[in-house]
Structure formats: C-alpha cells, structure tokens
Amino acid sequence: MSALQPVRGTRDLLPDDSRRHRHVVETARAIAERYGYLEIAVPILEPTEVFKRTLGDTSDVVTKEMYTFTDRGGEMVTMRPEATAGIARALITGGLTQDLPFKVFTHGPMFRYERPQKGRLRQFHQIDVELLGVPEPLGDIEVIALGARVLDALGVRRATVLELNTLGDGESRNAYRGALVDYLEGFREKLSEDSRARLERNPLRILDSKNEGDRAIVADAPIFTDYLNDASKGFFATVREGLDALGIAYQVNPRLVRGLDYYCHTAFEFTTTELGSQGAVLAGGRYDGLVETMGGPSVPGIGWAAGIERLAMLMTALGSDAPAPARPIAIVPIGAPAEARALTLADELRAAGLAVELGYRGAAGKRMKRANKLNAGIAIILGEDELARGAATVRNLDSGEQTEVPLTALRDHLGR
RNA sequence: GUGUCCAUAGCUCAGUUGGUUAGAGCGUCCGGUUGUGGUCCGGAAGGUCGUCGGUUCGAGCCCGAUUGGACACCCCA
C-alpha cells in the first residue's frame, strides 16, 4: 500500500470504470459516424513545439501544466494536454489539406500537471470531434449539434446548459482587447493579484474571474458585442439561427472566453452544476488560425472535447449507468471425464458467440456458488450421468428450473 | 503553485485523558451440503495503525517532515 502508489492524479480504470468509459466512447463514436466524422488516432507524444506554437506561450497549459521531457535522442517531447493540436499536425504532415473537409472523431488520454480535485486528474480522458476546412457557420452549427446529441444519448443533457459566445474575428478581438485593457488599467491597483497577472498575459480571462472585487470592476467594462465588426456579428447570428432551428437551447454568455489562444468566433461550453467547481463537460470553439500558426496552409477549424470522467460522473450523479455486461453461462462439470468434456463444450459455445465461464476448480457446490457470484443466468451441469446419456442439465439460476438437454441440441437451446 | 480537512484489515469505519496480545460490519477462504448456487449457521485468514524522524518509561493516539487523498482557489474537459 505504501510502497507502490499510482502516480498522483492518475487512476486505474477497473472493469466497472472501464465499462462506463467504453460506453461513453462507443456512444460518441456511433453518433459522430452518423455525422460523417470518422475515427482517427494520433500519438500521445508530440514534439513540444506542436503545443507551444498553438496553445500560446502564455497559456497556463503551456507554461505550467505540460508533461515535457527530453527523450533519449535529445528530442523535446510533450505528452498531449489536448487533442486538437495533434490532429492539426496530422493534417499537415499527412498532406490532408488537399482533401478537405477533414471530419474526425478521436478519444484517449490527455495529460496535465495540475493539482487534482473533483473532476480533474493529471491523466484524464477525452472524446473529441474536429471539423477542418469549413469556414461557414454551418460547420459550427453541425459540430455543436453533434455535441448536444452525444449528451442526449448519454442521458446527461438535461443536467447541462449550453453557454455560447463569440470572440469575433481577429480584427474585432484586437479592438476589444485594446479597449478592455485600457479600461482595466484604470483599476490596476484594485484588481486581484491573479487578474493583474492576466492583464499582461490574457486580459480576456479577467472577464470570468471569480473574485468579487474583479467582478464589480468587470461589470462596467466595455462589452465585446460593441466591438464586433459586421462580419463577426453576421457569423454569430447565423450560428444562433441554426441552433434555434434545431431546437438546441443556449444562453449567450458574453463573458465566456477560452483558455487557449487559438480560438475565434464561436466559443461554447455545455456546463453543469452537478460536478462541483469543474463545471465544463463538453466545450470547444472555432480556431481558424490554428493550422496556419503551425506552419500549414490557412485551414479553418472548429471542434470540441469532452471529459470522459466528467461525463461518467454526471451519469452516475443522475442515476444512470452504462449497460451491464452480458450475463455469462456457467458450465459446472462434475468429475474428471466431465471436466474434459466441459473444456471442449465451453469452446464450442464461445465459438457460437456465448459468454461462458468454466470454473477452474472445486466440487459442484463450489462451482455453483461461483456461477452465482458471476451473475450467470444459466448453469450447465455436466455430470457422469448426463455424460453417459450425451446430455447436460441446464439450470436457470433465476427460477431454479432445470431440464436435461442433449449436448448436440445445447447450442440451439441456449441460442433461443 | 496557494489554502482547508484527512490517512487504522480488500472495503466502510470504531479505537475512550498516550499504557498490557488494535476491534466491528461487509467481503474473502474453509466447513455444515464428497451432484446443485442465492438464505442461514459455525470457523479461519487478513492491519503494527501511509512513510520517516522526534517527544515520552511507554504513541494508532502528541510534534515535525514527507507521500498520497478530498474539496476550494487557479485553470480547464
């Protein structure tokens, strides 16, 4: 217990946890495929530059949360803290910019060196959807709708609110940033320490500070909407109309900003109050400048990521669970000859697609206990008597009823 | 990185003002039932009290450090 502990902020996914994770992934993948997003996988390890260039030198993720090290060949590599940058890199290295749009679904572990707390781990898992090569707002609508449908399918959408905002295009954003900084500079001494630091690095983040003093100052700050140019306003209006048409409810939250530098236009977040302070369940936005920042051609993109642990927690909080595994059939041989036959019988039934448990040891009573504990629905009792008749006793473990069935008919009998 | 709380059997927890062989329930294993489970009954195994150091005649109980956990800040999925 003391000698070997898991690395801080990491967790074993034992069968019950794995089942829930798999359910989330499979549900998301199935829906994504209906929208034409095919599954891909990209490496967990990427050159550090991939994240540095794209997430921004000032973001917290890059400055203090990455697992970065020099490998044995002297290469600076990083364990991915998020999925988008790696996918953009794959798009460029694979020459896939010739075949747009690029619509993908992926999932897997992400790594961030943070202080663990509820809904936050150092190794956590995400499902992720990206749409590259579509500058039209229809792309934003599709991607958000896809996210909403995944939450619907998992039964958690009712516990979330879709918050929506626009960060405008680069021109709008720069204009607003300038106005905001000018305003906040006047209150520099009254801002919280954290926010004074943000003033230099990422002033937009001050907008959603939780500090009360900051909130009072921010209340009278310039509004983003006033600085949006017509193109940005039109883009946002189209996105909202699309969501309205699909009946996907949202709340415009002008203070919703993104932590990562590459976002523009649409920013959205499905949030919940069920998970303590880590309320973001599925979040994303548009990142038109990302691929170019990485040295590729100008390819617009939009996507989202959702935390699998958070989704699973939310499901649990709402009292729903992933489907239970299939109940196995237990084979209970009695005596050595029967045990030998049971081995081949198990093999035949498994080949026919049935889940079969063949105990490793013990008398009939022991094996029955074991069958019960495994939640078997049926026990096939194979004793010398039955064997002599070329049959087996099939016992329904719920009702206790049992009948003798010829071995040759067993498969069909169980397949009913 | 900051703050608060916490750390005793596989799990959930007791453990009195520091004082002889650290307890319970659940679970596990064995037996009652050598061809039949779920209930029930009997029994057993399993902790030296996260780790290291200190105070003391004596520490699971006090002090320090450290590791880990929980929650919040921060950040974010």
Side-chain angles (χ1 to χ4, degrees), chain A residues 1-11 14 24 55 59-65 81-84 107-129 147 160 192-195 197-198 201-202 205 208-212 214 256-260 269-272 275-284 303-314 330 332-335 338 359 362-387 392-402:
Chain A
M1 185 187 199
S2 60
L4 241 38
Q5 295 174 314
V7 169
R8 181 165 209 196
T10 67
R11 260 198 209 320
L14 299 179
V24 169
L55 302 183
S59 70
D60 277 25
V61 170
V62 169
T63 55
K64 46 193 191 196
E65 294 176 3
E82 56 102 46
T84 309
H107 70 94
M110 306 294 158
F111 303 83
R112 290 183 200 176
Y113 189 85
E114 295 185 274
R115 189 86 169 255
Q117 72 182 67
K118 185 169 188 160
R120 195 169 80 182
L121 292 163
R122 288 183 175 181
Q123 178 182 337
F124 60 103
H125 300 78
Q126 289 185 335
I127 50 177
D128 183 279
V129 157
T160 69
S192 66
E193 200 179 320
D194 284 331
S195 287
R198 284 188 281 232
R201 297 176 165 250
N202 193 348
R205 285 232 68 96
D208 68 352
S209 170
K210 290 180 188 171
N211 179 283
E212 283 196 27
D214 291 351
L256 175 68
V257 292
R258 310 267 61 199
L260 310 179
E269 223 168 83
F270 287 86
T271 60
T272 180
L275 300 180
S277 75
Q278 308 302 317
V281 168
L282 185 156
W304 53 253
I308 297 176
E309 282 85 354
R310 289 184 187 178
L311 288 168
M313 270 202 288
L314 193 51
V332 178
I334 298 158
K366 275 276 159 334
R367 295 187 196 240
M368 289 297 285
K369 273 191 207 294
R370 180 80 186 150
N372 200 61
K373 196 164 61 184
L374 291 167
N375 191 33
I378 288 168
I380 297 174
I381 298 156
L382 195 61
E384 288 177 36
D385 299 349
E386 288 93 338
L387 208 50
T393 297
V394 176
R395 180 179 177 89
N396 180 315
L397 292 173
D398 294 328
S399 66
E401 287 172 41
Q402 56 184 52

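Protein chains get the first letters and strands the later ones, always in sequence-line order, with residue 1 at the start of each. These numbers were taken from a predicted model, which means no experiment stands behind them.
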Return the polar atom pairs (N/O with N/O) between nucleotides 38-45 of chain B and the protein under 3.5 Å, or none.
{"residue": "G38(B)", "atom": "OP1", "partner": "Lys369(A)", "partner atom": "NZ", "Å": "3.1"}
{"residue": "G38(B)", "atom": "O4'", "partner": "Asn372(A)", "partner atom": "ND2", "Å": "3.0"}
{"residue": "G38(B)", "atom": "N2", "partner": "Leu397(A)", "partner atom": "O", "Å": "3.3"}
{"residue": "G38(B)", "atom": "N2", "partner": "Asp398(A)", "partner atom": "O", "Å": "3.4"}

Set out, line by line, the N/O atom pairs under 3.5 Å between protein and nucleotides 66-70 of chain B.
{"residue": "U67(B)", "atom": "O2'", "partner": "Gln5(A)", "partner atom": "OE1", "Å": "2.9"}
{"residue": "G69(B)", "atom": "OP1", "partner": "Gly9(A)", "partner atom": "N", "Å": "3.1"}
{"residue": "G69(B)", "atom": "OP2", "partner": "Arg8(A)", "partner atom": "NE", "Å": "2.5"}
{"residue": "A70(B)", "atom": "OP1", "partner": "Arg11(A)", "partner atom": "NH2", "Å": "3.1"}

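A search for side chain to side chain contact (heavy atoms under 4.5 Å, CB included) contacts involving Ala306(A) returns Ile127(A), Leu282(A), Trp304(A), Leu311(A), not counting sequence neighbours. Judged as a side-chain hydrogen bond (donor to acceptor under 3.5 Å, both in side chains), and not counting sequence neighbours, the contacts of Asp398(A) are Arg327(A). Residues passing the side-chain hydrogen bond (donor to acceptor under 3.5 Å, both in side chains) test with Glu384(A), sequence neighbours excluded: none. Scanning for side-chain hydrogen bond (donor to acceptor under 3.5 Å, both in side chains) contacts around Ser277(A) gives Gln117(A), with sequence neighbours left out. Not counting sequence neighbours, the partners of Arg115(A) by the side chain to side chain contact (heavy atoms under 4.5 Å, CB included) test are Arg8(A), Arg120(A). Judged as a side chain to side chain contact (heavy atoms under 4.5 Å, CB included), and not counting sequence neighbours, the contacts of Glu65(A) are Asp60(A), Val61(A), Arg112(A), Glu114(A). Scored by the salt bridge (charged side-chain N to carboxylate O under 4.0 Å, His left out) test, Glu269(A) finds Arg258(A) as partners (sequence neighbours excluded). Annotation: side-chain hydrogen bond (donor to acceptor under 3.5 Å, both in side chains) contacts of Ser195(A) (sequence neighbours excluded): Ser192(A), Arg198(A), Asp214(A).
For Trp304(A) and A77(B), the CH2 to P distance is 13 Å, given to the nearest whole Å. A77(B) atom C1' lies 9 Å from atom CD of Gln278(A), rounded to whole Å. Rounded to whole angstrom, the span from the CG atom of Leu374(A) across to the P atom of G27(B) amounts to 16 Å. Atom-to-atom, CD of Glu114(A) to C1' of C74(B) comes out at 9 Å; the value is rounded to the nearest Å. Note: NZ (Lys64(A)) to C1' (U2(B)) measures 11 Å, nearest angstrom. Between the CD atom of Gln402(A) and the P atom of G35(B) there is a distance of 15 Å, rounded to whole Å. Rounded to whole Å, the distance from CD1 on Ile127(A) to P on A77(B) is 13 Å. Distance CD1 (Ile380(A)) to C1' (G37(B)): 15 Å, rounded to an integer number of Å.
For Ala338(A) against Ile334(A), the heavy-atom pair with the smallest separation is CB-O, 3.3 Å.
Residue Lys373(A) has a polar side-chain atom (N or O) positioned under 4.0 Å from OP1 or OP2 of U28(B). Distances shorter than 4.0 Å separate none of the side-chain N or O atoms of Thr393(A) from OP1 or OP2 on U36(B).
For RNA chain B, if you chain together Watson-Crick or G-U pairs that step i with j, i+1 with j-1 and so on, the runs of at least three with distances under 3.5 Å are B:1-7 with B:67-73, B:10-13 with B:23-26, B:28-32 with B:40-44, B:50-54 with B:62-66.
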Practice item. Evaluate the side chain to side chain contact (heavy atoms under 4.5 Å, CB included) criterion for residues Arg395(A) and Met368(A): first the C-alpha distance (whole Å), next the side-chain angles of each, then the deciding distance (0.1 Å), finally the verdict. Key: CA-CA 10 Å; Arg395(A) 180 179 177 89; Met368(A) 289 297 285; 3.8 Å; yes
Check your understanding: Going through the distances and angles, do Arg122(A) and Tyr113(A) end up as a side chain to side chain contact (heavy atoms under 4.5 Å, CB included)?
Key -> CA-CA 5 Å; Arg122(A) 288 183 175 181; Tyr113(A) 189 85; 3.1 Å; yes
Exercise for review: Check the pair His125(A), Glu309(A) against side chain to side chain contact (heavy atoms under 4.5 Å, CB included), reporting the backbone distance first and the verdict last.
Suggested key: CA-CA 7 Å; His125(A) 300 78; Glu309(A) 282 85 354; 2.7 Å; yes
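Atom name P, nucleotides C62(B) and U2(B): the rounded distance is 25 Å, in whole Å. Rounded to the nearest Å, the gap between the P atom of C74(B) and that of U16(B) is 39 Å. For the P atoms, the distance linking A7(B) with G15(B) amounts to 11 Å, nearest Å. Only the P atoms considered, C13(B) is 27 Å distant from U66(B), to the nearest whole Å. Annotation: A14(B) and A9(B) have their C1' atoms spaced 13 Å apart (nearest Å). Here, A24(B) and G46(B) have their C1' atoms 14 Å apart, quoted to the whole Å. For the P atoms, the distance linking C71(B) with C30(B) amounts to 38 Å, nearest Å. Using C1' as the reference atom, A77(B) and C6(B) are 27 Å apart when rounded to the nearest Å.
Residue Glu309(A) is out of contact with every strand shown, counting any heavy-atom pair closer than 4.0 Å. At a threshold of 4.0 angstrom between heavy atoms, the contacts of Ala305(A) are confined to the sugar-phosphate backbone, with no base atom among them. Using a 4.0 Å heavy-atom criterion, one finds that Ala371(A) contacts no nucleic acid atom at all.
Legend: salt bridge (charged side-chain N to carboxylate O under 4.0 Å, His left out) pairs involving residues 367-378 of chain A, not counting sequence neighbours, sorted by first then second residue: Glu339(A)-Arg367(A).
Using modelled atom types and a 3.5 Å distance limit, the side chains of Glu386(A) and Thr393(A) yield a donor-acceptor pair.
With RNA chain B read from its 5' end, the first of the two nearest nucleotides for Glu269(A) and Gly276(A) is the one closest to Gly276(A). The nearest heavy atom of RNA chain B to Lys366(A) and to Glu401(A) marks one nucleotide each, and the one closer to the 5' end goes with Lys366(A).
A donor-acceptor contact under 3.5 Å is not formed by the side chain of Arg120(A) with the base of C71(B).
Closest contact between the side chain of Arg310(A) and the listed nucleotides C29(B), C73(B), C76(B) involves C76(B).
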